[in-house]
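Throughout, a chain's letter reflects where its sequence line sits, starting with A, and its residues are numbered from 1.
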Protein chains: 2
Amino acid sequence: MSKKPRFDRQQVIEKATNLYWGKGYHATSMRHLQDAIDMRPGSIYAEFGSKDGVFKAAIEYYVQVSLDQLEQLRAQSDSPLNTLQRFVRLVVIESRQNAPSSMCLLAKTVAELTEEQGELFEQAKAALKRVEDAFAKLMTEAQQHNEISKQKDPQQLARLLQIQITGLRVYAKTCDDIEILEAMIEDVFAHSQSGLNGVQ
Amino acid sequence: MSKKPRFDRQQVIEKATNLYWGKGYHATSMRHLQDAIDMRPGSIYAEFGSKDGVFKAAIEYYVQVSLDQLEQLRAQSDSPLNTLQRFVRLVVIESRQNAPSSMCLLAKTVAELTEEQGELFEQAKAALKRVEDAFAKLMTEAQQHNEISKQKDPQQLARLLQIQITGLRVYAKTCDDIEILEAMIEDVFAHSQSGLNGVQ
DNA sequence: ACTTTAATTGAACGATCGTTCAATATATAT
DNA sequence: ATATATATTGAACGATCGTTCAATTAAAGT
């Protein structure tokens, strides 16, 4: 004896995520959200509680998609290292065409927010950490496959990869020349390779 | 037969820069600016024209300070490569203590803004390019000092350095553990070294 | 001392912000 | 069909946004 919501929660969150991803936290207003997800204020507040509530759902959705993508790439290749390489290509190159921003939503959020939005900031940090942990897991697997030196700390290698990706994706926002961008990825990975492989 | 302004333009711009640097473009309101620089709306608009005008002045001031710092470090050492290393330490480590944000204001701005704020976005991009060019100049000098391989493209090396710094400074915002951060810089530079030195 | 000119003030503007809520609509249970 | 419960609507709230401008203040020229 009730009434079910008419909106598709998953689709709504996806649209909200894309909007926040493109415009950033502060530049995205409730009015923008209302238009993007085609819901009126009352419904949004009933479902998410606040503008920040929608943002939290967006962050959670984004990190889940990212981890799923990584897992999917892993299933397509025997090589953990190659999986990471293809992930980098995916987020730095292909993301430029389809995604709302060349940047990672999580890194963008960490860059934009301060302690004033403490809860959201911490959530974005934690989400980045989850991605880093997924990287570290693949690094460990790469060690078991003898793709990288076993003397390296997988977590440290994961951190290094995060830094490379973040730097690349910010740079991608300033760089229209796709050739330069390709060369940057190649260079960054050449460096990572020498770092990853240790003394050889 | 006139009246000179009572405020110190340089000091005002410095305070405005620090505010924008810490809070970002969208989160900084005119009210915040009024309080930070101790000027009333009329005076601000007479001097800078708009909120964006203040931001433009901030960007210009920031890039000028950065280039000055680089030049100053260069004067303290014979080694161009060592100059770059000390610059990285300066902006990644020491900046954490004093600066309004661990991040570079220019990178932060490029990360936050979109085509909606086209003029400011382009200015921040151009400012980043000026820093990159300064890096490239030092890379060329480093080649002349036989500190790095002459086969490398200085501009490409400069781009690579920018990416490393950007990645590091974003990561610095998520990382409270200073030891991890130190290790990251060491690692990043170890990679850069191998890249910079070419075949040895 | 008086005039001139520009710098400064602060109230106020319309627009938009995030949010609330009484009114309405509608799916489900009886 | 009717009652019940809840999803949805959209006007409206007070706060704050960037900005304007008539009034005031004060330094410089005569």
Side-chain angles (χ1 to χ4, degrees), chain A residues 1-13 15-17 19-59 109 112-121 123-124, chain B residues 1-13 15-17 19-59 109 112-121 123-124:
Chain A
M1 50 155 120
S2 74
K3 181 190 169 186
K4 285 182 185 170
R6 290 217 321 276
F7 63 87
D8 181 330
R9 193 171 199 273
Q10 191 73 355
Q11 274 186 25
V12 161
I13 291 178
K15 285 178 184 172
T17 301
L19 189 67
Y20 271 126
W21 190 359
K23 301 179 77 69
Y25 173 77
H26 282 109
T28 302
S29 72
M30 277 303 290
R31 299 284 157 87
H32 293 141
L33 275 170
Q34 290 168 36
D35 295 343
I37 69 183
D38 191 30
M39 284 176 75
R40 263 39 65 196
S43 298
I44 300 176
Y45 278 81
E47 183 67 21
F48 299 100
S50 67
K51 184 194 168 190
D52 285 14
V54 183
F55 194 77
K56 286 181 191 175
I59 292 284
T109 300
E112 182 181 359
L113 300 190
T114 64
E115 303 80 23
E116 243 172 85
Q117 300 83 32
E119 209 172 327
L120 298 181
F121 183 73
Q123 194 187 339
Chain B
M1 50 154 119
S2 75
K3 184 190 168 188
K4 285 182 185 172
R6 291 218 323 277
F7 64 86
D8 181 330
R9 193 170 199 276
Q10 191 72 355
Q11 273 186 27
V12 161
I13 291 178
K15 284 178 184 173
T17 301
L19 189 68
Y20 269 125
W21 190 359
K23 299 179 78 69
Y25 173 77
H26 282 109
T28 302
S29 71
M30 278 301 292
R31 297 285 156 85
H32 293 139
L33 275 170
Q34 291 168 36
D35 295 344
I37 70 183
D38 192 29
M39 283 175 75
R40 260 43 63 196
S43 298
I44 299 176
Y45 278 81
E47 182 67 21
F48 298 100
S50 66
K51 185 195 166 190
D52 285 14
V54 183
F55 194 76
K56 287 181 190 175
I59 292 286
T109 300
E112 182 182 1
L113 300 191
T114 64
E115 305 78 24
E116 243 173 86
Q117 299 83 32
E119 210 172 329
L120 298 181
F121 182 73
Q123 193 187 340

Using a cut-off of under 3.5 Å, enumerate the N/O to N/O pairs linking the protein to nucleotides 20-23 of chain C.
none

Using nucleotides 14-17 of chain D, report all nitrogen or oxygen pairs with the protein that are shorter than 3.5 Å.
from, atom 1, to, atom 2, distance (Å)
D:dC17, OP1, B:S29, OG, 3.2

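Checking A:D52 against B:I44, the closest nucleotide of DNA chain C that is more toward the 5' end is the one next to B:I44.
In this structure, B:V54 and B:I37 have side chains that are not in contact, with every pair of non-hydrogen atoms separated by 4.5 Å or more. Looking at heavy atoms from C-beta onward, A:Q117 lies in side-chain contact with A:T114 at the 4.5 angstrom threshold.
B:R40 places its CZ atom 17 Å from the C1' atom of D:dG18, with the value rounded to the nearest Å. Atom CZ of A:F55 and atom P of C:dT19 are 14 Å apart (whole Å).
A donor-acceptor contact shorter than 3.5 Å links the side chain of B:K51 to the backbone of B:T28.
Annotation: ring-ring contact (aromatic ring centres under 6.0 Å, His included) contacts involving residues 26-53 of chain A, sequence neighbours excluded, are absent.
In this structure, A:E115 has no side chain to side chain contact (heavy atoms under 4.5 Å, CB included) partners at least two apart in sequence or on a different chain. Partners of A:Y25 under the ring-ring contact (aromatic ring centres under 6.0 Å, His included) rule, at least two apart in sequence or in another chain, are A:F55. Every residue meeting the side chain to side chain contact (heavy atoms under 4.5 Å, CB included) condition with A:Q11, not counting sequence neighbours, appears here in chain and number order: A:D8.
Atom CG of A:L113 is separated from atom CD of A:Q123 by 10.5 Å, given to the nearest 0.5 angstrom.
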